[in-house]
Enquirer: 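Okay, here's the structure, questions in a sec.
Worth knowing before you read on, the calculation uses all heavy atoms, side chains too, and leaves out hydrogens, waters and symmetry mates. All figures in this text were calculated on a predicted structure; none of them were measured in a lab.
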Amino acid sequence: MQFLYVGGRRCLDFVGTLKYRASAREEMLTDPRRLSDWAMGAGLVDTALEVTDAELTAAIALREAIYRVVLARLRGGRPGAADVDLLNAHASQPQLTPILHPDGAVSRGGTAAQLLAGLAADLLDLYAGPDIEKVKECSRPGCTRLYVDASRAQNRHWCGMRTCGNRAKVQAFRARQHAVAQRP
């Protein structure tokens with residue numbers, strides 16, 4: 001199972017670690033090592049994080065709070081109080097911080113708690129800024145990924161062209177071909 005980073009913000013990419021929320025849910029953070037793998041793939045850390053089971057549980061709770069808060073915003077609602085408290089609690093903690101070494105190299109590392117603090121802070125930054133108005137949910141049936149629509153015309157429909165966009169276009173093409181073949 002590979003992680004996708006198509007959300008335009010790390011907090012939205014993190015939400016995508018649970019696929020198909022409305023149907024056959026597919027959890028991608030199946031063990032603590034997977035959270036570390038996600039962080040490395042996202043370019044947030046250079047080396048593996050030590051993650052405990054409790055930290056993984058906290059990460060999943062944060063991910064779901066992020067999802068509910070963004071979805072409430074998309075639907076014109078208000079975030080739940082428990083989600084607000086959880087996000088604020090994480091965002092107020094120290095975040096991952098790059099380190100500049102005397103030789104000029106930069107390394108990125110930290111703890112799982114710092115990773116979660118950064119993801120919560122990223123959501124708060126997104127929520128408070130102009131890009132929150134550009135956040136959309138993927139239009140492909142079954143996909144529940146969230147993304148920032150950075151297209152010029154603001155008319156992007158899918159979380160990613162290589163994933164859902166391609167599948168949707170192939171399905172539409174096949175449907176047109178089938179309709180043509182069914183004509184007398």
Enquirer: Could you report the tightest heavy-atom contact between Val15 and Arg21, atom names first, then the distance?
Expert: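 Closest approach of Val15 to Arg21: O-NH2, 2.8 Å.
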
Enquirer: Which residues pass the side-chain hydrogen bond (donor to acceptor under 3.5 Å, both in side chains) test with Thr97, sequence neighbours left out?
Expert: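 Testing Thr97 for side-chain hydrogen bond (donor to acceptor under 3.5 Å, both in side chains), a comparison that skips the adjacent residues, returns none.
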
Enquirer: Check whether Leu126 and Leu74 end up in the same hydrophobic cluster, where Ile, Leu, Val, Met, Phe, Trp and Tyr are linked by side-chain heavy atoms less than 4.5 Å apart.
Expert: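 Shared cluster, yes.
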
Enquirer: Can you measure from OH (Tyr67) to CZ (Arg145) and round to the nearest 0.5 angstrom?
Expert: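 It comes to 12.0 Å.
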
Enquirer: Taking atom OG1 of Thr57 and atom CG of Leu62, what is their separation to the nearest 0.5 Å?
Expert: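 Going from the OG1 atom of Thr57 to the CG atom of Leu62 covers 12.5 Å.
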
Enquirer: Are the side chain of Arg34 and the backbone N or O of Met28 linked by a donor-acceptor pair below 3.5 Å?
Expert: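 Side chain of Arg34 to backbone of Met28, a donor-acceptor pair under 3.5 Å: yes, one is there.
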
Enquirer: Nearest 0.5 angstrom please: Leu29 CG to Trp38 CH2, how far?
Expert: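 Result: 9.0 Å between the selected atoms.
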
Enquirer: Hey, does the side chain of Gln114 reach the backbone of Thr111 with a donor-acceptor pair shorter than 3.5 angstrom?
Expert: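 Checked: pair present.
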
Enquirer: NZ/Lys19 to OG1/Thr144 distance, rounded to the nearest 0.5 angstrom?
Expert: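 Going from the NZ atom of Lys19 to the OG1 atom of Thr144 covers 10.0 Å.
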
Enquirer: Which distance, rounded to the nearest 0.5 Å, do you find between the OH of Tyr127 and the CZ of Arg73?
Expert: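 It comes to 5.0 Å.
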
Enquirer: Answer yes or no: is there a donor N or O on one side and an acceptor on the other, between the side chain of Glu55 and the main chain of Thr52, under 3.5 Å?
Expert: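 Checking the backbone N and O of Thr52 against the side chain of Glu55, a donor-acceptor pair under 3.5 Å is found.
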
Enquirer: Closest approach of Leu35 and Leu56, non-hydrogen atoms and distance?
Expert: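 Heavy-atom minimum between the residues: CB-CD1, 4.2 Å.
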
Enquirer: If the condition is side-chain hydrogen bond (donor to acceptor under 3.5 Å, both in side chains), which residues does Arg10 pass it with, not counting sequence neighbours?
Expert: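 Partners of Arg10 by the side-chain hydrogen bond (donor to acceptor under 3.5 Å, both in side chains) criterion, ordered by chain and then number, come out as Asp13.
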
Enquirer: Could you tell me which residues satisfy salt bridge (Lys or Arg N to Asp or Glu O under 4.0 Å) with Asp131, sequence neighbours excluded, listed by chain and number?
Expert: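 If we apply the salt bridge (Lys or Arg N to Asp or Glu O under 4.0 Å) test to Asp131, skipping adjacent residues, the hits are Lys134.
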
Enquirer: Please check: side-chain N/O of Arg9 versus main-chain N/O of Asp122, any donor-acceptor pairing under 3.5 Å?
Expert: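 Yes; at least one donor-acceptor contact below 3.5 Å.
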
Enquirer: Pair Tyr20, Glu26 - check side-chain contact (heavy atoms from CB on, under 4.5 Å), show working.
Expert: CA-CA 6 Å; Tyr20 313 116; Glu26 186 178 329; 3.5 Å; yes

